[in-house]
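Quick note on labels: first sequence line is chain A, next is B, and so on, each numbered from 1.
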2 protein chains.
Amino acid sequence: MPPAAPPRRERLDRDRVLRAAVALADEAGLAAVSMRGLAQHLGVVPMALYKHVADKDELIGGMVDVVLGGIEPPDPALGWKDAVRERVLAARRAVLRHPWARRAIEASTRRTPVVLGHMDAVAGGLRAGGLSPDLTHHVMHALGNRIWGFSPELFEEPAPAHPPTPEEQEAMAREFAQRFPHVLEIAVAATEGDLGRVGGGCDEQFEFEFALDLLLDGAERLHRAGWTSAARRPVARSSQRP
Amino acid sequence: MPPAAPPRRERLDRDRVLRAAVALADEAGLAAVSMRGLAQHLGVVPMALYKHVADKDELIGGMVDVVLGGIEPPDPALGWKDAVRERVLAARRAVLRHPWARRAIEASTRRTPVVLGHMDAVAGGLRAGGLSPDLTHHVMHALGNRIWGFSPELFEEPAPAHPPTPEEQEAMAREFAQRFPHVLEIAVAATEGDLGRVGGGCDEQFEFEFALDLLLDGAERLHRAGWTSAARRPVARSSQRP
DNA sequence: ACGCTAGGTGTACGGTGTACGCCTGTCAAC
DNA sequence: GTTGACAGGCGTACACCGTACACCTAGCGT
């Protein structure tokens with residue numbers, strides 16, 4: 001009999017590894033998910049993980065799968081456009097539950113069955129609306145990462161290293177206003193919306209749905225207009241004469 | 001006198017470092033741009049670089065600046081929509097000159113003057129068309145990374161590690177067709193376009209312009225319809241009744 | 001009772017970014 | 001001239017990363 005049976009934690013399996021990785025990323029950020037860090041979190045030696053996961057890339061691919069596993073399918077009674085919209089927003093909800101998920105999706109090059117499944121579902125939703133395979137393909141491209149429920153984080157502030165003195169801040173603001181007036185303008189426009197927002201922040205959910213609807217409505221218009229790829233352009237150019 | 005004057009390469013400066021980094025990335029990929037690798041490329045010890053660049057993140061930010069410096073401004077005679085379109089496509093051309101640039105832009109969290117300048121120019125183009133700051137803001141968000149001339153690489157194949165045997169391939173294809181029929185369908189649609197393309201590849205330039213025009217045309221429609229954020233939706237939902 | 005094997009261990013290698021201190025060539029001011 | 005500051009390149013060192021390889025061991029089917 002082994003002396004005092006050291007609290008033999010139950011054996012690992014792939015699922016336990018993945019869930020632990022997700023939990024670790026949730027509480028300490030994606031950067032904390034190193035093979036060593038994760039192993040320690042599981043009370044195990046780093047190389048043990050490689051018995052369940054091929055390499056780090058597959059690990060984060062698996063983490064993405066776990067997150068995407070929580071996507072609930074849309075109400076089947078919905079029309080095609082709303083169904084696609086709902087599915088994408090469901091993906092968004094799943095992704096937003098884990099702050100690190102966007103970055104992980106972007107980083108992972110893997111095309112897992114879960115990922116393909118979601119893509120297939122979205123494409124199927126468009127096809128169900130009668131869009132041709134061709135148009136569906138282009139719309140999928142147009143949606144881009146929005147299929148996953150997020151758009152690229154263009155406007156995120158990286159938090160200044162050293163909080164500048166008021167004078168510096170004043171001077172920087174002045175120079176900024178002079179060099180980038182339009183960026184300033186739209187930033188201001190974003191803050192004076194409904195309610196007094198914190199500086200620089202804007203309603204990301206609204207921005208997302210705005211873009212999503214812009215694309216889906218555009219797709220619907222093209223479809224109704226009988227668009228085919230022969231035209232090689234969504235609509236006529238703005239210049240009225242050819 | 002120093003013996004035989006060892007071929008004293010001229011002193012480094014920030015610009016030389018950045019250009020060397022770009023050249024190195026061009027010929028050996030972004031992964032080859034490590035502080036050590038770049039230093040060796042310059043015939044210098046790694047730590048020497050830190051006299052010209054704060055850290056690696058700033059280095060790649062600087063590389064992005066170099067690439068984005070090559071964006072030529074659009075013909076001032078163009079209408080606002082075409083001007084924005086042209087500017088974005090110019091950014092795309094600049095980025096596509098360097099295969100690593102997409103990834104670098106995504107990776108870099110820095111908001112350099114060059115980056116802000118481009119954003120400001122695009123926003124200014126929309127404002128010049130009469131769009132309100134508010135609508136301009138939303139459209140900028142909708143454009144997302146397309147401002148930089150690329151959309152997320154959703155459909156890129158990571159090249160299978162071990163080329164499978166024909167039987168395996170057959171079996172995989174069969175299962176794929178069953179599980180992801182719509183993905184398969186649109187992939188096929190992409191290949192049987194104009195000319196016989198290589199498998200899986202599609203005309204990325206067309207996809208890009210398709211999405212870009214879908215968004216710009218949508219923006220124009222909203223603007224002409226006098227859109228304000230009060231509506232909180234680009235257009236009426238597809239269900240006709242409220 | 002035996003041996004196979006799945007799974008956890010230990011060590012080691014080559015890579016990374018970068019903090020810290022030294023050393024030296026250049027140049028301005030005395 | 002001589003001096004002293006200082007910009008810029010050098011060397012060492014640290015902590016961390018992913019992972020290849022060999023080994024050991026518990027548990028199980030035969």
Side-chain angles (χ1 to χ4, degrees), chain A residues 1-21 24-25 28-64 100 103-104 107-110 158 161-162, chain B residues 1-21 24-25 28-64 100 103-104 107-110 158 161-162:
Chain A
M1 158 181 164
R8 213 81 189 89
R9 44 189 164 41
E10 17 188 352
R11 305 166 113 228
L12 257 41
D13 62 3
R14 189 183 155 86
D15 200 65
R16 195 187 311 281
V17 169
L18 260 33
R19 296 190 174 282
L24 180 55
L30 190 57
V33 182
S34 64
M35 297 309 260
R36 287 172 159 86
L38 177 57
Q40 187 170 14
H41 200 75
L42 282 162
V44 119
V45 89
M47 288 310 292
L49 303 176
Y50 285 86
K51 288 283 157 63
H52 306 279
V53 156
D55 54 19
K56 178 152 188 192
D57 204 49
E58 197 196 280
L59 175 76
I60 68 170
M63 291 170 66
V64 170
W100 47 269
R103 198 156 288 244
S108 166
T109 64
R110 290 284 207 287
H162 296 293
Chain B
M1 159 180 164
R8 213 80 189 86
R9 44 183 164 45
E10 15 188 354
R11 303 166 115 231
L12 258 40
D13 62 1
R14 187 183 157 86
D15 201 63
R16 195 188 310 280
V17 169
L18 260 33
R19 295 189 175 282
L24 180 55
L30 190 57
V33 183
S34 63
M35 296 309 260
R36 285 171 162 85
L38 177 56
Q40 187 171 12
H41 200 74
L42 283 161
V44 117
V45 91
M47 288 311 291
L49 303 176
Y50 285 88
K51 288 283 159 63
H52 306 279
V53 155
D55 54 19
K56 177 148 190 196
D57 204 49
E58 198 196 279
L59 175 76
I60 67 171
M63 294 170 66
V64 169
W100 47 268
R103 199 156 290 243
S108 166
T109 64
R110 291 285 206 286
H162 296 293

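- Note: CD (Gln40(B)) to P (dG15(C)) measures 11 Å, nearest angstrom.
- Here the side chains of Leu38(B) and Val17(B) are in contact, with some heavy-atom distance below 4.5 Å.
- Between the CG atom of Leu49(A) and the P atom of dG18(D) there is a distance of 10 Å, rounded to whole Å.
- Nearest nucleotide to the side chain of Lys51(B), out of dG9(D), dT16(C), dT19(D): dG9(D).
- When rounded to the nearest whole Å, the span between CZ of Arg14(B) and P of dG8(D) equals 13 Å.
- In this structure, CZ of Arg11(B) is placed 12 Å from P of dC10(D), rounded to the nearest angstrom.
- Considering only heavy atoms from C-beta on, Glu58(B) comes within 4.5 Å of Arg14(B) through its side chain.
- As rounded to whole Å, 17 Å separates atom C1' of dT16(C) from atom CE of Met35(A).
- Here the closest heavy-atom approach between residue Asp57(B) and residue Ala107(B) is recorded as OD1-O, 4.5 Å.
- Remark on DNA chain C: of its neighbouring residues Gly37(B) and Ala48(A), the 5'-side contact belongs to Ala48(A), judged by nearest-heavy-atom nucleotide.
- You'll find the side chain of Met63(B) reaches within 4.5 Å of the side chain of Leu30(B), heavy atoms only.
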Anything under 3.5 Å between a donor and an acceptor, one on a side chain of residues 40-50 of chain B, the other on a protein residue two or more places apart or in another chain? List them.
none

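- Here His52(B) reaches the OP1 or OP2 of dG9(D): one of its side-chain N or O atoms lies under 4.0 Å away.
- The base of dG18(D) sits within donor-acceptor range of the side chain of Arg36(A), with an N or O pair under 3.5 Å.
- Within 6.0 Å of CZ on Arg19(A) lie no more than 12 heavy atoms contributed by other residues, nucleotides or ligands.
- Regarding Tyr50(B), its OH atom lies at a distance of 11 Å from the P atom of dT16(C), rounded to whole Å.
- Judged by closest nucleotide on DNA chain D, Val45(B) is the one of Val45(B) and Ala54(A) placed further toward the 5' end.
- Protein atom CZ of Arg16(A) is 13 Å distant from nucleotide atom C1' of dG7(C), rounded to whole Å.
- Contacts between residues 55-63 of chain A and DNA chain C, counted as heavy-atom distances below 4.0 Å, involve no residue at all.
- Nearest approach of Leu59(B) to Ala21(B), heavy atoms of both residues: CD1-CB, 4.2 Å.
- Considering only side-chain atoms of Val44(A), the nucleotide from dG8(D), dT18(C), dT9(C) that sits closest is dT9(C).
- Rounding to whole angstrom units, CE of residue Met47(B) and C1' of dT16(C) are separated by 13 Å.
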